[in-house]
Amino acid sequence: MPRTARRAQLLESALEIFVAQGYHAAAMDDIAERAGVSKPVLYQHFPGKLDLYLALLDQSCDTIIDASKRALASTDDNKLRVAATMQVFYDYVASAQGAFRLVFESDLTNEQAVRERVDRVTRECADAIAGVIHEDTNLPDEQSRLLAVSLVGMAQVSARFWLQEHGSIDQDAAASLIAVLAWRGIGGYPRADEHR
């Protein structure tokens with residue numbers, strides 16, 4: 001198997017184990033067995049369990065960040081941008097793979113390298129949103145960033161709560177409900193061109 005394909009296979013197997021067992025309970029033996037490879041093959045790609053976890057975490061973080069940026073770029077209509085970005089977070093937590101647990105529910109956040117990656121999701125998503133807010137409203141960077149971090153927090157926390165509750169609210173309806181709440185808040189900041 002080509003190296004890149006083997007690496008992808010190992011990451012997929014590791015995701016299943018880490019999501020099911022958490023970092024501390026997961027064993028490299030279990031990951032190798034799930035992937036159908038020997039432990040030496042696993043160690044050829046990842047020198048240790050933390051290296052494997054960080055590679056998987058990077059991949060998971062990139063997924064949510066890239067999807068958020070695509071949602072922001074998908075339209076110039078800010079109401080639709082809010083809805084699209086909110087949907088990204090709901091789609092991410094609802095994914096059958098459960099990768100969001102690595103990012104938002106890691107049992108290893110006391111490890112600096114893990115904490116930096118988890119914080120990167122909030123920081124990079126908020127930076128992208130803050131850029132749109134600043135450009136549209138001319139609010140100072142600090143204010144735009146605070147609003148953006150608040151929107152990211154609303155998306156992340158509400159999506160995780162929705163998933164944990166297993167309630168009767170459909171995923172799209174839940175994301176739409178929170179998007180309306182977010183839009184009613186952020187929509188109160190007029191576009192700079194409305195003042196001209």
Side-chain angles (χ1 to χ4, degrees), residues 15 19 56-110 114-196:
L15 176 61
V19 166
L56 193 54
L57 190 55
D58 282 335
Q59 185 180 65
S60 298
C61 291
D62 288 345
T63 297
I64 186 73
I65 291 166
D66 293 346
S68 295
K69 288 178 179 178
R70 281 192 307 275
L72 288 170
S74 68
T75 180
D76 289 333
D77 182 315
N78 285 333
K79 185 175 183 180
L80 295 177
R81 275 182 175 148
V82 169
T85 307
M86 199 62 65
Q87 188 65 54
V88 163
F89 281 85
Y90 278 76
D91 288 345
Y92 185 64
V93 302
S95 168
Q97 293 176 318
F100 82 94
R101 295 191 191 287
L102 300 179
V103 179
F104 299 139
E105 297 177 1
S106 176
D107 60 350
L108 196 61
T109 54
N110 60 336
V114 173
R115 181 83 255 153
E116 288 170 1
R117 284 160 171 84
V118 171
D119 290 346
R120 181 172 72 94
V121 171
T122 300
R123 185 178 66 253
E124 291 190 24
C125 289
D127 285 349
I129 294 168
V132 172
I133 293 171
H134 175 73
E135 183 179 311
D136 283 356
T137 65
N138 281 339
L139 283 171
D141 289 336
E142 299 83 14
Q143 292 179 19
S144 297
R145 186 162 170 73
L146 181 59
L147 290 171
V149 167
S150 300
L151 290 169
V152 170
M154 179 187 295
Q156 179 205 130
V157 172
S158 67
R160 287 175 51 215
F161 179 81
W162 166 79
L163 186 68
Q164 291 167 356
E165 288 296 297
H166 304 292
S168 59
I169 302 175
D170 171 77
Q171 177 187 336
D172 291 337
S176 178
L177 185 69
I178 302 305
V180 169
L181 174 64
W183 174 247
R184 286 187 178 164
I186 199 67
Y189 293 90
R191 292 179 67 110
D193 57 11
E194 291 175 5
H195 294 296
R196 293 181 189 148

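Fair warning: this is a prediction, and the values are worked out from it, not measured in the lab. Residue numbers run from 1 in the order of the sequence given.
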Minimum heavy-atom separation for [X] and [Y], please, with both atom names.
| X | Y | value |
| --- | --- | --- |
| Thr75 | Arg81 | O-NE, 2.9 Å |
| Ala99 | Ser60 | CB-OG, 3.7 Å |
| Leu139 | Ser144 | O-OG, 3.4 Å |
| Ala182 | Leu151 | CB-CD2, 3.7 Å |
| Lys69 | Glu124 | NZ-OE1, 4.0 Å |

Between [X] (side chain) and [Y] (backbone), is there a donor-acceptor pair under 3.5 Å?
| X | Y | value |
| --- | --- | --- |
| Thr63 | Gln59 | yes |
| Trp162 | Ala175 | no |
| Ser74 | Ala71 | yes |

Is any side-chain heavy atom of [X] less than 4.5 Å from a side-chain heavy atom of [Y]?
| X | Y | answer |
| --- | --- | --- |
| Phe100 | Leu163 | yes |
| Val118 | Arg115 | yes |
| His134 | Glu142 | no |
| Tyr90 | Asp172 | no |
| Phe104 | Val157 | no |
| Gln156 | Ile64 | no |
| Leu102 | Leu15 | yes |
| Gln143 | Ile133 | no |

To the nearest 0.5 Å, tell me how far [X] [atom1] sits from [Y] [atom2].
| X | Y | atom1 | atom2 | result |
| --- | --- | --- | --- | --- |
| Cys61 | Glu116 | SG | CD | 11.5 Å |
| Leu72 | Leu80 | CG | CG | 12.0 Å |
| Ile129 | Ser68 | CD1 | OG | 6.5 Å |
| Arg117 | Arg123 | CZ | CZ | 11.0 Å |
| Met154 | Met86 | CE | CE | 6.0 Å |
| Leu108 | Leu57 | CG | CG | 9.0 Å |

Electrostatic pair Asp62-Arg120, nearest N-O below 4.0 angstrom: yes
